[in-house]
Protein chains: 2
Amino acid sequence: MQDIEKHLLHRDVQDALELIGGRWRGAIMTSLCGSPKRFSELKEDLKPITSRVLTKELRYLEQNKLINVERSTAAANSVLYTHSEHGSSCGPIILQLRDWAIKHREIMLEYLKE
Amino acid sequence: MQDIEKHLLHRDVQDALELIGGRWRGAIMTSLCGSPKRFSELKEDLKPITSRVLTKELRYLEQNKLINVERSTAAANSVLYTHSEHGSSCGPIILQLRDWAIKHREIMLEYLKE
DNA sequence: CTGCATCCAATTCGATACTG
DNA sequence: CAGTATCGAATTGGATGCAG
């Protein structure tokens, strides 16, 4: 029983890190924390991401309900990306990770001095 | 100025996700949250990880000061892996991620029912 | 502006076998 | 017990060009 739970624990962590891990997914979610954005704004914000990769990651996040995609029927070629309700709930966690990474860099730098 | 800060924000998130992201690093850190472990215990706990990959990831975490490695000189073939002080500070964040992933799964299942 | 198609390089990860 | 060596499959992600 405990064994099963332990394994599930790891699997959940792996799931989470697949959802927001990788080179770009966390950064995309971070970028959308500030405000909804269009494709070109994301591309600019996340430079040097390519449109191929940005498209792919946005589709992934959409399929996993972390973002909403508003494809305006009125104005063609205008698509707005926003956090889904559930997607926005991971924002604070990602920001904690960011703070942790900043602290980590300081620690590593200090260590290199010695 | 603000542009620079925004880009740095993304880079920090990317840094964090490189440190604990990927298939195994987060799971290893989670496993060490419970208690210090030896190589074989980690391998068992993280099954089906291979020793090749486990070795590589442990070396990475060691180099980045997230874990301590106690290579006992007395008893050969006995190595104990523990969180470093800084490494343990990411434990709570990872557990939040785990909880978030669990909630995510529930949401996805509910969505599939409709 | 928002993407898709093609091609390709690099990396990651696993299987398997072996060592002191 | 704690790894290392070798090989290969699969995935990821970048470059570039094109399309509606």
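Side-chain atoms are counted along with the backbone in the values below, which use heavy atoms only and exclude waters and symmetry mates. In this text the structure is predicted, and so the values were computed from the model without any measurement. Throughout, a chain's letter reflects where its sequence line sits, starting with A, and its residues are numbered from 1.
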Q. First contact, last contact: which nucleotides of DNA chain C are these for chain B, 5' to 3', heavy-atom distance under 4.0 Å?
A. C:dC13 to C:dG20
**Q.** Test side chain to side chain contact (heavy atoms under 4.5 Å, CB included) applied to A:L66 and A:Y60, step by step
**A.** CA-CA 9 Å; A:L66 299 187; A:Y60 175 90; 5.8 Å; no
Q: Tell me whether the OP1 or OP2 atom of D:dC1 has a side-chain N or O from B:S40 closer than 4.0 Å.
A: yes
Q) Pick one: which of A:L19, A:I67, A:I93 meets side-chain contact (heavy atoms from CB on, under 4.5 Å) with A:M29? A) A:I67
**Q.** Sidechain-backbone polar pair: A:D45 side chain, A:E41 backbone, donor-acceptor under 3.5 Å
**A.** no
Q. Has the side chain of A:R25 got a donor or acceptor atom that lies under 3.5 Å from a matching backbone atom of A:E18?
A.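 Yes: the side chain of A:R25 pairs with the backbone of A:E18.
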(Q) Can you list everything that forms a side chain to side chain donor-acceptor pair (under 3.5 Å) with B:E62? Sequence neighbours excluded, please. (A)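 Scan of B:E62 (side chain to side chain donor-acceptor pair (under 3.5 Å), adjacent residues dropped) gives B:R71.
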Q) Using a cut-off of 4.0 Å on non-hydrogen atoms, how would the nucleic acid contact of B:R71 be classed: base, sugar-phosphate, or nothing? A) nothing
Q: Going 5' to 3' through nucleotides 7-20 of chain D, assign each nucleotide B (protein heavy atom under 4.0 Å from a base atom), S (under 4.0 Å only from sugar-phosphate atoms) or - (no protein heavy atom that close).
A: B-----BBB----B
Q) Where does the angle between the aromatic ring planes of B:W100 and A:H86 fall among parallel (under 30°), tilted (30 to 60°) and perpendicular (over 60°)? A) parallel
Q. What is the distance from atom NZ of B:K103 to atom OG of A:S89, rounded to the nearest 0.5 Å?
A.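 One finds 6.0 Å between NZ of B:K103 and OG of A:S89.
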Q) Among the clusters formed by ILVMFWY side chains lying less than 4.5 Å apart, do A:L61 and A:L95 turn up in the same one? A)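 As far as the 4.5 Å side-chain criterion goes, A:L95 and A:L61 are not connected within one cluster.
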